[in-house]
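Lettering follows sequence order; numbering is per chain, from 1.
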There are 2 protein chains.
Amino acid sequence: MPDNFTKRAGWCQGRFKGYGYRLTLSRQAILAVLSRTGEHLSAEEIYHRVHKIHPSSGMSTVYRTLELLVQLQMVHKFDFGDGRARYELQRSKEDKEDHHHHLVCLRCQRVINYTDFIDDEVELLKRTEKGLAKKYNFKIMKHILQFYGLCEQCKDRE
Amino acid sequence: MPDNFTKRAGWCQGRFKGYGYRLTLSRQAILAVLSRTGEHLSAEEIYHRVHKIHPSSGMSTVYRTLELLVQLQMVHKFDFGDGRARYELQRSKEDKEDHHHHLVCLRCQRVINYTDFIDDEVELLKRTEKGLAKKYNFKIMKHILQFYGLCEQCKDRE
DNA sequence: ATTGTAAATGGGACTCATTCTCATTAATAA
DNA sequence: TTATTAATGAGAATGAGTCCCATTTACAAT
Ligand SMILES: [Mn+2]
Ligand SMILES: [Mn+2]
Ligand SMILES: [Zn+2]
Ligand SMILES: [Zn+2]
């Protein structure tokens with residue numbers, strides 16, 4: 001009986017192969033790492049975890065693969081403002097349960113996924129997108145909405 | 001009769017001095033450049049324009065001054081996803097006429113300021129911030145909301 | 001105007017995330 | 001098995017931004 005992580009990794013691998021790319025050991029390891037975490041990992045953090053599974057993988061491959069996964073929309077790439085990109089696996093393409101936004105602590109870099117208010121937000125964003133697209137004749141492809149501040153642990157410190 | 005740009009630059013200089021900092025030629029030049037543009041300039045672009053006014057200014061000073069201006073909230077720093085920060089003068093601290101969000105072209109990097117829907121957006125953001133602050137005991141200090149896509153000129157190209 | 005002083009500067013060395021290059025390896029189809 | 005060619009890993013290169021420090025400059029006090 002495979003656990004959820006393993007199942008998810010398997011599904012990802014299938015999807016990946018479906019696009020016609022070769023499923024190498026490095027790529028398997030990267031997908032495994034992304035599948036089994038809920039964190040927002042940097043390329044370096046991913047590299048370290050991949051290294052435990054498949055020590056001969058290199059940083060170049062990690063970057064290359066992440067870039068590819070982002071392009072295939074299997075992974076989301078975020079910039080939380082600390083100078084290094086973060087990556088997060090797209091869980092269900094059929095959104096709803098997966099769709100969330102982020103709260104980022106400016107002090108400890110903790111990232112909280114939140115789904116509260118998402119419905120209101122999504123509705124407003126859709127409306128805004130439609131209005132902007134028409135007024136500026138702009139094809140909107142994505143948006144970024146993030147809140148920054150101090151988390152519970154950091155706001156009282158020192 | 002000083003034009004608007006000159007007036008704005010003068011106002012900025014006064015504000016800057018009010019904080020107790022020395023008004024050097026480099027700083028004057030940087031404020032002048034920011035005052036007379038509506039664009040979202042990178043540090044390098046600012047450096048080039050400053051160089052025309054005051055050729056002996058260096059990049060270090062441009063970066064240092066921008067950092068200071070951001071800290072004083074006289075300038076906003078943005079990341080539009082192309083690997084270099086952009087800077088924009090805060091025009092009126094008393095918001096309203098100044099408050100806007102951004103539409104960013106992924107192809108030509110053009111940035112459009114828009115104020116449409118701003119009221120709705122601001123209201124939703126305020127509500128969301130309040131809810132998140134309570135639920136996650138998080139002190140929210142700022143947010144980022146940006147739309148990305150293809151501008152009028154780029155969407156039809158090839 | 002002159003001077004004393006700390007603030008600010010400029011330029012070049014440095015950092016560090018990411019990208020590039022290229023000789024070698026390995027996944028897949030035949 | 002083998003041929004093909006995508007993918008890799010190591011390390012060099014890139015480039016935005018930061019840091020250091022000897023020199024200069026703004027400006028307050030004379
Ligand atoms: Mn997330
Ligand atoms: Mn703007
Ligand atoms: Zn924190
Ligand atoms: Zn464009």
Side-chain angles (χ1 to χ4, degrees), chain A residues 12-33 40-72 74-87 109, chain B residues 12-33 40-72 74-87 109:
Chain A
C12 286
Q13 295 187 4
R15 185 169 170 200
F16 187 79
K17 287 214 69 173
Y19 284 113
Y21 293 100
R22 294 183 182 178
L23 191 56
T24 63
L25 294 175
S26 291
R27 285 168 172 180
Q28 287 179 48
I30 291 165
L31 286 173
V33 165
H40 304 79
L41 303 176
S42 66
E44 200 188 1
E45 289 165 331
I46 292 168
Y47 168 72
H48 286 314
R49 297 187 187 194
V50 162
H51 195 263
K52 288 181 193 154
I53 301 174
H54 184 64
S56 73
S57 294
M59 264 302 255
S60 309
T61 298
V62 171
Y63 273 109
R64 264 186 309 233
T65 303
L66 288 171
E67 189 178 31
L68 178 58
L69 291 169
V70 167
Q71 199 194 293
L72 298 177
M74 293 179 62
V75 162
H76 293 296
K77 180 179 183 179
F78 294 106
D79 172 8
F80 294 136
D82 69 340
R84 48 207 331 205
R86 306 291 166 141
Y87 300 86
Q109 315 300 337
Chain B
C12 287
Q13 295 186 4
R15 185 169 170 200
F16 187 80
K17 288 215 69 172
Y19 284 112
Y21 293 100
R22 295 184 180 177
L23 191 56
T24 63
L25 294 174
S26 291
R27 284 168 172 180
Q28 288 179 47
I30 291 165
L31 286 174
V33 165
H40 304 80
L41 303 177
S42 67
E44 201 189 359
E45 289 165 331
I46 292 167
Y47 168 73
H48 285 315
R49 298 188 186 193
V50 163
H51 195 263
K52 287 181 194 156
I53 300 174
H54 185 63
S56 74
S57 295
M59 265 303 256
S60 308
T61 299
V62 171
Y63 274 110
R64 264 186 310 235
T65 303
L66 288 171
E67 189 179 29
L68 178 58
L69 290 170
V70 167
Q71 197 193 293
L72 299 178
M74 292 179 63
V75 162
H76 293 298
K77 181 179 183 178
F78 295 105
D79 173 7
F80 294 135
D82 68 341
R84 53 209 323 206
R86 305 291 167 141
Y87 300 86
Q109 316 297 339

Quick one: label [X] by what it contacts on the DNA or RNA (base, sugar-phosphate, nothing), any heavy atom closer than 4.0 Å.
X	answer
B:Ser60	base
A:Ser42	nothing
B:Arg27	sugar-phosphate
A:Ser57	sugar-phosphate
A:Arg22	base

**Request:** Tell me, with the steps shown, if A:Leu68 and A:Tyr19 meet side-chain contact (heavy atoms from CB on, under 4.5 Å).
**Result:** CA-CA 11 Å; A:Leu68 178 58; A:Tyr19 284 113; over 6 Å; no
**Request:** Check every nucleotide of DNA chain D for an atom under 4.0 Å from a heavy-atom of chain B, then give the first and the last such nucleotide from 5' to 3'.
**Result:**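 The protein-touched segment is D:dA16 to D:dC27.
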What is the distance, to the nearest angstrom, from the [atom1] atom on [X] to the [atom2] atom on [N]?
X	N	atom1	atom2	value
A:Met59	C:dT19	CE	C1'	11 Å
B:Glu67	C:dA8	CD	P	13 Å
A:Phe80	C:dA17	CZ	P	17 Å
B:Leu25	C:dA7	CG	C1'	14 Å
A:Arg84	C:dT18	CZ	P	7 Å
A:Leu23	C:dA26	CG	C1'	13 Å

So which atom in [X] and which in [Y] form the shortest heavy-atom distance, rounded to 0.1 Å?
X	Y	value
B:Met74	B:Cys12	CE-O, 3.5 Å
B:Arg86	B:Ser42	CD-N, 3.9 Å
A:Ile30	A:Val62	CD1-CA, 3.9 Å

**Asked** Would you call the rings of B:His51 and B:Tyr47 parallel, tilted or perpendicular if under 30° counts as parallel and over 60° as perpendicular?
**Response**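 Plane angle between 30° and 60°, so tilted.
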**Prompt:** Where does the angle between the aromatic ring planes of B:Phe80 and B:Phe78 fall among parallel (under 30°), tilted (30 to 60°) and perpendicular (over 60°)?
**Reply:**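 Geometry flag for B:Phe78 against B:Phe80: parallel rings.
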**Asked** Quick one: on DNA chain D, does B:Thr24 or A:Arg64 contact a more 5' nucleotide (nearest heavy atom)?
**Response**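 Upstream on the strand: A:Arg64.
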**Expected output: side-chain B:Arg27 to main-chain B:Arg22 donor-acceptor under 3.5 Å** =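 It does hold such a pair.
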